[in-house]
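Below: the structure, in structure tokens.
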Amino acid sequence: MVWDRQTKMEYEWKPDEQGLQQILQLLKESQSPDTTIQRTVQQKLEQLNQYPDFNNYLIFVLTKLKSEGILITTIASKGELQNWPDLLPKLCSLLDSEDYNTCEGAFGALQKICEDSAEILDSDVLDRPLNIMIPKFLQFFKHSSPKIRSHAVACVNQFIISRTQALMLHIDSFIENLFALAGDEEPEVRKNVCRALVMLLEVRMDRLLPHMHNIVEYMLQRTQDQDENVALEACEFWLTLAEQPICKDVLVRHLPKLIPVLVNGMKYSDIDIILLKGDVEEDETIPDSEQDIRPRFHRSRTVAQQHDEDGIEEEDDDDDEIDDDDTISDWNLRKCSAAALDVLANVYRDELLPHILPLLKELLFHHEWVVKESGILVLGAIAEGCMQGMIPYLPELIPHLIQCLSDKKALVRSITCWTLSRYAHWVVSQPPDTYLKPLMTELLKRILDSNKRVQEAACSAFATLEEEACTELVPYLAYILDTLVFAFSKYQHKNLLILYDAIGTLADSVGHHLNKPEYIQMLMPPLIQKWNMLKDEDKDLFPLLECLSSVATALQSGFLPYCEPVYQRCVNLVQKTLAQAMLNNAHPDQYEAPDKDFMIVALDLLSGLAEGLGGNIEQLVARSNILTLMYQCMQDKMPEVRQSSFALLGDLTKACFPHVKPCIADFMPILGTNLNPEFISVCNNATWAIGEISIQMGIEMKPYIPMVLHQLVEIINRPNTPKTLLENTAITIGRLGYVCPQEVAPMLQQFIRPWCTSLRNIRDNEEKDSAFRGICTMISVNPSGVIQDIKFQYKLTELRFLDRGLIGTAIKDFIFFCDAVASWINPKDDLRDMFCKILHGFKNQVGDENWRRFSDQFPLPLKERLAAFYGV
């Protein structure tokens, strides 16, 4: 590639009007989606490249007609760079022009090309132009014009994250040049310097480490920059640094300076308050504009096990975002400072408190509402990381916060809702009358606040409280329902969607306690009224269907009077979506692709109905074609559709298996092919459904074992498999072994250890019961699977070793079995007998002395438990 230095353009040069129009027309046509036009444009460009004056036209367009100049860069970003080989050399040579406008115009175009085409610039396709461009850009870091300095840094910044080779070769010179610009008077330059340092933290920490003290000091200044864009860019530094292992050591001596800076950044700025209409206290009667309402995405149903210490264990993706001012540009200095404090609290834990508590004292009781509000946000931000250290202060702070719920400023009331929700776990762990009852009473008042932002924050906080409190809320159900139902008549569009969530979460939390005629009478009419108002294509159906799914599961037979129209509509939604998808597949140009979320939500509500109604759903299934539809859904390209259809298959298997049984031969091969842990949730639900089917099929499951067993054993032995999937896989392997022990037991040795560790933490329940019966049955069929390398005969209760010398290596897996057995709180009598037989059989075989040596390896609680429960 030849990069010639541009001779100084003659100022007298004027474009020929006709030639200029021709080029502008060409640039406009280049935007056409029509490929034939694009091809013509390409040919004309190639011709014009030969045109001696083309260069000058190009400069003229870039420097004098800025908006048309953008068109040049969009041609480039459409991947046309390789078809216009002279563009980059020309733009780069224009940088050397003595005419400022030319240089600035060319740099503007290059920055746009670097942003849009970073990947192709770093490839052999163009003969690696960056080897020339990056050193050239670095020269301009010292240019006299701030605008050009800013362009130069911005261009190089595009290549940091991808660790572009051309930049890595000049990394020291780049960092040196950045430091030279640290005090630049131009905000845009300072912003780009900060952005570069944040990215370098992620990719070249090794190069920054020697200068880290100075960089931290610099970033502290910049986080307080007068220009909020610079401050925001600098604040990102703390967020990124907190994710690096070295953070704790690097920052510890800077905390006394850093924490006050972050806390100060958490105050609303004057402009924030204007944008948030912070002076408008009452707006509940003003309808929402449609752009206020974020698009909602339905999260498909995942089947999970219950654990001893908590409710349903799901992957932790709660949207516990820092406060709730989503009407301002989504990300600002306040949010970034709060997020940084949150992450640092998780790094330093209680070591952060000496720096925070003195500030909090001052802020939380401040007479200016803006300051007090920021203090409440600080208290919420540190909740997760500093919870242990905060406990001594909570008995004083929680009542103060509950008082702040009735502050006269709406923005104080709304942030207080969020902060209290962050301490909900602690509130619920105390006697209910002390904090839970007063908090709940005040939050319910805020749900009916006259300010929409407060309603939203209160509804979200209440949903969090419901998840934590679960059945603790049962005594107050009438009062809670009263409030939530009243909110139906009061809320505008956006908050209605959040209200559905609060009602669904309530149903999940209190379960069958909701199934009382007086509660059903309060709750169902407004839900059904909304249900009847919404059309099939209205996306507001999503949150309403999710809510009804939870309510149906909780109400059980109480939902019977409402189930038929709800069931029918769900089946119709699935059918409609499938039909539209088929039309779209056959004639993509004539028919739009359907929004499959409608089908997914409908499948999930059908699951909720099956789980709630149990056998009562039988007649509805008999009168519909749901199994045929499900067969299609199980083969859908979209993983979420398959995920929800497998959940429904499992629920229908439990509720009305006679209707499912005729389809098993068709369903099982599909389930087998979906045991692919690349799609965690699909795999999880397919695994669970296989377990449910095996319990119903019994010995008839035998022909299907080869379709699934090897995949399941592979999944349970895979490193980094999520807990929920491991648990469901273990349960399904146990259940398959329960109904077909002869087929599964030979593989016992390949899964016994991960099987035992996966199930030690889940609650006693029917699924765990059948899985453990399976493992006991398999051990009786193949005892050497759990006690390896020993040949012995096994007759019911007796294990007779032929060679005692191998005991040491023999029993390493048996300890895992002992541990898993000890995880039972209250097994059924016959299951306890099965455990006893295996434990005593083993003990008798190895003899007291060997058993003592073996059990001495146990942790004390395990030893005591086995002695107390099983007498070994």
Side-chain angles (χ1 to χ4, degrees), residues 223-224 228 231-232 235 259-286 321-342 356-383 390 393-394 396-423 438-439 441-462 495:
T223 308
Q224 303 168 78
E228 185 171 323
L232 174 57
C235 194
I259 299 304
V261 168
L262 291 177
V263 166
N264 196 42
M266 288 162 74
K267 283 207 294 276
Y268 276 126
S269 65
D270 295 344
I271 188 82
D272 288 344
I273 294 169
I274 293 165
L275 287 170
L276 281 168
K277 305 191 177 74
D279 51 344
V280 177
E281 295 302 323
E282 296 193 12
D283 62 355
E284 63 174 341
T285 54
I286 302 165
E321 281 177 9
I322 294 291
D323 104 79
D324 53 355
D325 36 329
D326 47 303
T327 32
I328 316 187
S329 77
D330 270 338
W331 193 238
N332 54 19
L333 183 61
R334 164 188 167 89
K335 285 193 172 186
C336 191
S337 304
L341 187 61
D342 182 2
I356 291 258
L357 289 171
L359 299 171
L360 267 177
K361 268 204 186 87
E362 202 179 306
L363 300 173
L364 285 172
F365 300 93
H366 203 281
H367 60 96
E368 278 180 55
W369 74 266
V370 178
V371 180
K372 175 175 164 182
E373 194 275 349
S374 72
I376 297 169
L377 173 57
V378 169
L379 190 56
I382 62 169
M390 285 306 294
Y393 306 98
L394 293 179
E396 186 188 341
L397 284 174
I398 298 295
H400 174 65
L401 287 172
I402 291 173
Q403 247 179 321
C404 293
L405 282 174
S406 35
D407 193 277
K408 61 178 193 300
K409 291 303 289 183
L411 287 172
V412 173
R413 299 197 298 277
S414 65
I415 197 61
T416 305
C417 291
W418 177 76
T419 292
L420 277 163
S421 75
R422 302 268 287 176
Y423 290 95
L439 170 58
T441 312
E442 284 308 309
L443 263 184
L444 288 171
K445 286 183 195 160
R446 294 291 66 84
I447 284 177
L448 302 180
D449 200 277
S450 55
N451 179 279
K452 291 193 286 190
R453 172 178 307 285
V454 179
Q455 294 172 357
E456 177 184 358
C459 244
S460 300
F462 197 73
N495 286 350

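Keep in mind the model is a prediction, meaning the values are calculated, not measured.
Remark: S460 OG to W418 CH2 distance equals 12.0 Å, nearest 0.5 Å. Between L341 atom CG and I356 atom CD1 the span is 4.5 Å, to the nearest 0.5 Å. To the nearest 0.5 Å, atom OG of residue S414 and atom NZ of residue K452 are 14.0 Å apart. With values rounded to the nearest 0.5 angstrom, L444 atom CG is found 9.0 Å from L439 atom CG. The SG atom of C404 sits 11.0 Å away from the CD atom of E442 when rounded to the nearest 0.5 Å.
By the 4.5 Å heavy-atom criterion applied to side chains, K445 and L405 are not counted as neighbours. The closest side-chain heavy-atom distance from I273 to V370 is below 4.5 Å. A heavy-atom distance below 4.5 Å is found between the side chains of N451 and D283. Between R446 and T416, the closest side-chain pair of non-hydrogen atoms is not below 4.5 Å.
In this view, E362 satisfies the salt bridge (charged side-chain N to carboxylate O under 4.0 Å, His left out) rule with no residue, not counting sequence neighbours. Qualifying salt bridge (charged side-chain N to carboxylate O under 4.0 Å, His left out) partners for K361, counting only residues two or more places apart in sequence or in other chains: none. Every residue was checked against the side chain to side chain donor-acceptor pair (under 3.5 Å) condition with S337, not counting sequence neighbours, and none meets it. Partners of L357 under the side-chain contact (heavy atoms from CB on, under 4.5 Å) rule, at least two apart in sequence or in another chain, are L353, L360, M390, Y393. For E368, the side-chain contact (heavy atoms from CB on, under 4.5 Å) criterion is met by H366, V371, not counting sequence neighbours.
Here side-chain hydrogen bond (donor to acceptor under 3.5 Å, both in side chains) pairs that include residues 401-410, with residues two or more places apart or in two chains, are E281-K409, K372-D407.
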- [ ] Quick one: do D449 and R413 satisfy salt bridge (Lys or Arg N to Asp or Glu O under 4.0 Å)? Show the steps, please.
- [x] CA-CA 9 Å; D449 200 277; R413 299 197 298 277; 2.9 Å; yes

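Salt-bridge formation is not detected for the pair R334/D272: no Lys NZ or Arg NE/NH1/NH2 atom is positioned less than 4.0 Å from an Asp or Glu carboxylate oxygen. Remark: E456 does not engage R453 in a salt bridge, criterion side-chain N to carboxylate O under 4.0 Å.
Listed for the T419 side chain is no donor-acceptor partner under 3.5 Å among the backbone atoms of L379.
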